[in-house]
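This report refers to the structure that appears directly beneath it.
Order of listing sets the numbers, starting from 1, for every ligand and every atom in it.
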Amino acid sequence: MDHFQLRNGVLYAEDVPLPRIAEAVGTPVYVYSRATLVRHARVFREGLSALDNPHIAFAVKANPNLAVLKVLQKEGYGADVVSGGEMARALAADMAPRDIVFSGVGKTHAELLQGLEAGIGQFNLESEEEGYELAMLAERHGKRAACALRVNPDVDARTHAKISTGKRENKFGVPIDRAAAIYAALAAQPGLDMRGIAVHIGSQLSDLEPMETAFAKVGALIADLRGQGLSVTHADLGGGLGVPYKAGDVMPSPAEYGAMVARATRGWDVRLMFEPGRVIAGNAGVLMTRVIRSKRSGNGPPFVIVDAAMNDLARPAMYGAWHDFEAVEPTGDRMTAHIAGPICETGDTFAMDRETDALKSGDLAVFRTAGAYGATMASSYNSRGFVAEVLVDGDKFAVVADRIAPQAIQDAERVPDWLA
Ligand code: LLP
């Protein structure tokens, strides 16, 4: 359920008609709904109600906007961060350092130090080498870093190849068959408090079974570690729950996910940790765009050229992802069209042969389910700027990220004297 609904023929975000935002802020613009974020945060938490005190850390990569993080912080969420930049954002949103989990396959020396200095709650180690480096740094600074070891369970998540992370050939984690030996070696480091196992096999999972298979492997590993006298008090089960991108898509609910987790982790006797991203933010945002004009090329349906492009919303170009596309003020007339942006490559196409609301020049439309992995994956390709982001709360809205004009990006560049 989201709060982007038609009222008297106009699409609203909560109690704000979208045309009002377009008029005030321009297009393209990302629009997020606070009520939807809150609802998703609560539904996810309720799904885990059978568990004892789960730790929930929003995967900041999905939507790092400070206002979005603040909404989730107020819901008691921590943060899963994968860079110094994301860590700084989580801290700026007043997330408690102990509620921050530092994931990421290539944490730099400087980032490890930043995490130690901030006193973040847990480092999810991606390799034995990273563990030794962190141990050395922690000892040097008189600290002990709480850590989980991320394992690669070699399970096919059955999602898009580019967002699948738990197969042996993926770069993430340590091979599960070597995990016990690595955990033992790292547990012997005075600078580390090895306290758990982390796993995340992929994103946009539409099927719980691969997760359950992975969790079973983690359960066996925990038993094995304890059998060797090692302590395991935490298990981080990552994120990955899929969301419906197409009206009518059915995805496992947080309640079904929670029931599976409760079943799969029975008897583990650990504090379970979660890193949901998309399921919280995905359907809490839309990308609003304006039709520039339509054109025909060849004999097929017309191309509707909108003012948003692949640099603003990369998912269709990058993963062939589907985003529902709707007019903000639908007339009831329908058309079949290709929906494309202005960028000079064929990949800048959001949809081909899409049956959609009839649209003409100047009309507003939205790409739905753009609240996760939307604005954050933007680039300035074709010397386009970065689009504004707006947060709606009831009948009020605020710009929560300024539009960054192409000129501002250009202003950060210079021609060296010796070339001028
Ligand atoms: N934890 C870890 C370690 C992750 O790598 C990810 C996502 C998450 C949690 C959050 O997963 P979620 O609950 O959002 O599925 N750009 C891609 C998605 C990349 C996901 C990367 N990792 C897309 O637009 O589909």
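- Figure legend: cation-pi geometry between Lys61 and Tyr373 absent, as NZ or CZ is not positioned both under 6.0 Å from the six-membered ring centre and within 45° of its axis.
- Nearest residue to atom 6 (C) of ligand 1 from Arg278, Lys61, Glu126 is Lys61 (criterion: closest heavy atom).
- When ring centroids are compared, Tyr12 and Phe4 stay outside the 6.0 Å threshold.
- Residue Ser203 approaches ligand 1 through these ligand atoms, each under 4.0 Å from one of its heavy atoms: 11 (O), 12 (P), 14 (O), 15 (O), 20 (C).
- For ligand 1, the atoms closer than 4.0 angstrom to any heavy atom of Gly239 are 9 (C), 13 (O).
- By the 3.5 Å distance cut-off applied to N or O atoms, Arg150 is not counted among the residues near ligand 1.
- Ligand 1 is never approached by Thr165 to a heavy-atom distance shorter than 4.0 Å.
- For a threshold of 3.5 Å applied to N or O pairs, the pair formed by Gly277 and ligand 1 contains at least one separation below that value.
- Of the listed options Glu275, Met377, Met318, Glu275 places a heavy atom closest to atom 2 (C) of ligand 1.
- By the criterion of a heavy-atom distance under 4.0 Å, the side chain of Asp80, and not its backbone, is placed next to ligand 1.
- With a heavy-atom cut-off of 4.0 Å, Tyr319 touches ligand 1 through its side chain alone.
- Proximity to Pro276 (heavy-atom distance under 4.0 Å) selects the following atoms of ligand 1: 13 (O).
- Ring centroids of Phe58 and Tyr77 are separated by 6.0 Å or more, keeping the two rings apart.
- Annotation: side chain of Pro54 is not in contact with side chain of Met273 (no heavy-atom distance under 4.5 Å).
- For the pair Arg368 and Asp324, the salt-bridge criterion is not met [side-chain N within less than 4.0 Å of a carboxylate O].
- With Asn152 contributing its side chain and Phe172 its backbone, the two residues share a donor-acceptor pair below 3.5 Å.
- Ion pairing of Glu209 with Arg158 is present here, as a side-chain N (NZ or NE/NH1/NH2) and a carboxylate O approach within less than 4.0 Å.
- Against a heavy-atom cut-off of under 4.0 Å, Arg315 is close to the following atoms of ligand 1: 23 (C), 24 (O), 25 (O).
- Relative to the ring axis of Trp322, Arg354 places its NZ or CZ within 45° and under 6.0 Å from the centre.
- Looking at ligand 1, you'll find an N or O of Gly240 within less than 3.5 Å of one of its N or O atoms.
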